[in-house]
Visitor: 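Below: one structure in structure tokens.
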Number of protein chains: 2
Amino acid sequence: MATIYDVSFLAGVSLATVSRVVNNTGKVSDKTRQKVHDAMAKLDYRPNTIAQSLASNRSNSIGVLVSQLDGPFYGPMMREVESALRAANKHVIIAAGHSDAAQEKDGVEFLLSRGCDALIVDAEILSNGYLVELCQGKTPVVLINRHVDGIDERCVHLNNLQGGLLASRHVLEKGHKQIAYISGPLFKLDARERLEGHRQALAEQGIAFDENLFYEGDFREEGGYEAMAQLLSRGRDFTAVVCANDQMASGAIAQCLERGLRVPEDISFVGFDNIPFPRYISPKLTTVCNPIQDMGRMAAHWVLREVYDQTDVTFCHRFEPELVVRDSVITR
Amino acid sequence: MATIYDVSFLAGVSLATVSRVVNNTGKVSDKTRQKVHDAMAKLDYRPNTIAQSLASNRSNSIGVLVSQLDGPFYGPMMREVESALRAANKHVIIAAGHSDAAQEKDGVEFLLSRGCDALIVDAEILSNGYLVELCQGKTPVVLINRHVDGIDERCVHLNNLQGGLLASRHVLEKGHKQIAYISGPLFKLDARERLEGHRQALAEQGIAFDENLFYEGDFREEGGYEAMAQLLSRGRDFTAVVCANDQMASGAIAQCLERGLRVPEDISFVGFDNIPFPRYISPKLTTVCNPIQDMGRMAAHWVLREVYDQTDVTFCHRFEPELVVRDSVITR
DNA sequence: CTGTTAGCGCGTTCAA
DNA sequence: TTGAACGCGCTAACAG
């Protein structure tokens, strides 16, 4: 592999000059620039990124921690992060938290020790305190899919309360009065916010929140499946179920169908997130769009702007959800 | 951040000695080792991985190219790759091909230029010729989910023919005689092999392959949806559809349900891959298990063994599929 | 505009 | 068993 020295020798210039044309820094006359370019082409020169990193104290790598690599939710986010950063010639190092406190923390430290220029963190379990501290560290960090008070500037997140409102208002507008709610785990802020949206929507219509129609799930298919079994066993009537995400909605619907209940004729469903798959189930799931791809792109933009001084990228902290009406809610 | 020099100074030993204890190389007396460990602890010393890489000519990073980051298929694979490699303290750099020839090639070169110690490549479009050449290059490469003649040692792949056999035999055993087949794109070897399995299964029962019951899809939901519309419009009778993957099966089922056809009462379905989601649709999809996670782990093991000399990892090239019987095939 | 030079932090001979 | 010295390939003052 040719080094910068070989190029400088062949072009008859100094190392510094080659470095200047490679990095487009400083002034170089067109003639020398041309000579250098010719030499680089002839030698098929590629800068050694490791040496660049060592000398410049920049690794050009961004660490991304996601809670899970599998599952339908993070793929689209990763896709946008990777696209945006690779276009800027930065590379993405991944680590997965596997929904486990120790592994999440370990992942962050792993990425930090790898000399990443910045971190994009989707933290599922890590405490607010830890994250605040992390953000005060040397390595710039942006949080995605989570809002932590005090470090608002570092958070890219969804207006979950509004999403909860949209979902529940929709079923209310369709005439439903007894509405069950399958929540995400309440230690998560987004789950609490979505639930709060639901409560507000009920309150708007003067409907009391009924604990018997509430179940705290885990944001997973299995959890939704189990939740539905529980709700049905309580003997309370309800005509609709609002789920805090699409995965739980899928599991809950599966439970209903297994029991011979018809969806939406017997029970209507609303999900949340708008993940790809439930468009292909029957009935097509009505849900709330969570623009996770856009949030991924924004997190990448934040890094580009804050760390690599690219001032021409747009940025936005908070995203608004939208209702996606399909076929899983019937009018009562 | 403390450097190796700070440690050597505090411990009263040379740089070389610190390097030795850090890397567990060469002989160091227990006493000096202890001194060095104490100093490292006191300074919270972490080796600078970039400098290590430059000096040792090893980046400890593995590049992974996947055709798509979103979608249900690659998440589980990435998960295993990441787990296995991070456990070995290697880091994973990702790039996505986005099912586009130029981007796939660009991704490979990007990873190569990043100084990865090895590449794990899931190539969807790249030609066999390119891949063979790539494997002859300086950077070790292992191909996943694809078999290329001449570089068998570098391929981790599924016995797709056997999978095709299993799927079609199953519907045949259930008494179906007119069986439609929605194939993957035939420029892909796996699609051809699965189809060949189907043909063999038909031949075993003395049933002629009928072009009118065949449709070449694209391995995507939309493709399955469209395929089903086409097949139904041809006016040929059939009681079952074998799909070359679960995504197309999902789309095809959606098409049927929209038209008021019942699944499996009117038409039975078999998929391929066993991706997570279709377990939660109705009917639960009968399919062929594609152990993509295991293949991801094996690719990581290959790298660990070939590049980092870890002799204690298991390895296997070729994986066998298994039939997963659920509810989407009815007896005729 | 261009070249010289000193590191970046670490691995690795080679002597001692 | 230890240490001194060199070099990995490049960037960034500084000087000219």
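What you are looking at is a predicted structure, and each value in this text was computed from that prediction instead of being measured. Here is how names work: the chains are called A, B, and so on, in the same order as the sequence lines, proteins then strands, and each is numbered from 1.
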Visitor: Do any side-chain nitrogens or oxygens of B:Ser29 fall under 4.0 Å of OP1 or OP2 in D:dT2?
Guide: yes
Visitor: Using the side-chain heavy atoms of A:Ala51, tell me which of these nucleotides is nearest: D:dC10, C:dG11, D:dA12.
Guide: D:dC10
Visitor: May I have the distance from B:Tyr5 (atom OH) to C:dG9 (atom P), rounded to whole angstrom?
Guide: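 Distance check: B:Tyr5 OH to C:dG9 P gives 13 Å.
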Visitor: Has B:Tyr5 got more than 12 heavy atoms of other residues, nucleotides or ligands less than 6.0 Å from its OH?
Guide: no
Visitor: Just how far, in rounded Å, is C1' of C:dC1 from CG of A:Asn24?
Guide: 15 Å
Visitor: Round to a whole Å and report the spacing from CG of A:Leu54 to P of D:dG7.
Guide: 17 Å
Visitor: Looking at every heavy atom in both B:Thr3 and B:Asp6, which two are closest together, and how far apart are they?
Guide: N-OD2, 2.8 Å
Visitor: Nearest whole angstrom, please: distance from the P of D:dG9 to the CG of B:Asn48.
Guide: 17 Å
Visitor: Just N and O in the side chain of B:Thr17: are any of them under 4.0 Å from OP1 or OP2 of D:dG3?
Guide: yes
Visitor: So which atom in B:Thr139 and which in B:Ala118 form the shortest heavy-atom distance, rounded to 0.1 Å?
Guide: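 B:Thr139 and B:Ala118 have their closest heavy atoms at CG2-CA, 3.8 Å.
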Visitor: Separation of B:Lys27 atom NZ from D:dG3 atom P, in whole Å?
Guide: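 To the nearest whole Å, that distance equals 17 Å.
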Visitor: Distance to the ring centre below 6.0 angstrom and angle to the axis at most 45 degrees; does that hold for B:Lys105 and B:Tyr130?
Guide: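 No, B:Lys105 and B:Tyr130 do not form such a contact.
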Visitor: Measure across A:Met298 and A:Phe319 and return the closest heavy-atom pair with its distance rounded to 0.1 Å.
Guide: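 Looking at all heavy atoms of both residues, the shortest contact is CG-CZ, 3.2 Å.
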Visitor: Any side-chain hydrogen bond (donor to acceptor under 3.5 Å, both in side chains) pairs touching residues 36-52 of chain B, not counting sequence neighbours?
Guide: B:Gln34-B:Asp38
Visitor: With respect to the phosphate group of C:dG11, does any side-chain polar atom (N or O) of B:Asn23 fall under 4.0 Å of OP1 or OP2?
Guide: yes
Visitor: Take the protein atom CG of A:Asp30 and the nucleotide atom C1' of C:dT2, then report the distance between them rounded to whole Å.
Guide: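 Rounded to the whole Å, the gap is 15 Å.
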Visitor: Using a cut-off of strictly less than 4.0 Å, decide whether B:Gln52 has a side-chain nitrogen or oxygen near OP1 or OP2 of C:dG9.
Guide: no
Visitor: A:Leu15 CG to C:dT4 C1': how many Å, rounded?
Guide: 9 Å
Visitor: Nearest to the side chain of B:Ile4, heavy atoms from C-beta on, is which of D:dT2, C:dC1, C:dG11?
Guide: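 So the nucleotide nearest the side chain must be C:dG11.
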Visitor: Which residue, B:Val303, B:Leu112, B:Leu134, B:Ile120, forms the side-chain contact (heavy atoms from CB on, under 4.5 Å) with B:Val141?
Guide: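 Checked B:Val303, B:Leu112, B:Leu134, B:Ile120 against B:Val141; only one passes side-chain contact (heavy atoms from CB on, under 4.5 Å): B:Leu134.
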Visitor: On DNA chain D, check which nucleotide each of B:Gly12 and A:Ser53 is closest to and give me the residue with the more 5' one.
Guide: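 Nearest nucleotide further toward 5': that of B:Gly12.
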Visitor: One pair to check against side chain to side chain donor-acceptor pair (under 3.5 Å): B:Arg20 and B:Thr32. What are the steps and the verdict?
Guide: CA-CA 11 Å; B:Arg20 285 188 193 100; B:Thr32 24; over 6 Å; no
Visitor: May I ask you to decide if A:Ile62's main-chain N or O and A:Asp117's side chain share a donor-acceptor pair within less than 3.5 Å?
Guide: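 Looks like no, no N/O pair under 3.5 Å.
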Visitor: With a non-hydrogen cut-off below 4.0 angstrom, is B:Thr32 in contact with a base, only sugar-phosphate, or nothing?
Guide: sugar-phosphate
Visitor: When you measure from the side-chain N and O atoms of A:Asn57 to the phosphate of D:dT11, is any distance below 4.0 Å, counting only OP1 and OP2?
Guide: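 Indeed not, no polar side-chain atom of A:Asn57 lies that close.
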Visitor: Just to be sure I understand the rule, does B:Ser19 reach a base, reach only the sugar-phosphate, or reach nothing, if contact means heavy atoms closer than 4.0 Å?
Guide: base
Visitor: With a non-hydrogen cut-off below 4.0 angstrom, is B:Val13 in contact with a base, only sugar-phosphate, or nothing?
Guide: sugar-phosphate
Visitor: Using 30° and 60° as the class boundaries, would you call the ring planes of A:His91 and B:Phe110 parallel, tilted or perpendicular?
Guide: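 Answer is perpendicular, since the angle exceeds 60°.
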Visitor: Under 3.5 Å, which N/O atoms of the protein pair with N/O atoms of nucleotides 13-15 of chain D?
Guide:
none

Visitor: Are A:Ser14 and C:dT4 close enough that a side-chain N or O sits under 4.0 Å from OP1 or OP2?
Guide: no
Visitor: Looking at residues 37-45 of chain B, who's got a heavy atom less than 4.0 Å off DNA chain D?
Guide: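 Result for residues 37-45 of chain B: none.
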Visitor: D:dG7 P sits how many Å from B:Arg58 CZ, rounded?
Guide: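 In whole Å, D:dG7 P and B:Arg58 CZ are 23 Å from each other.
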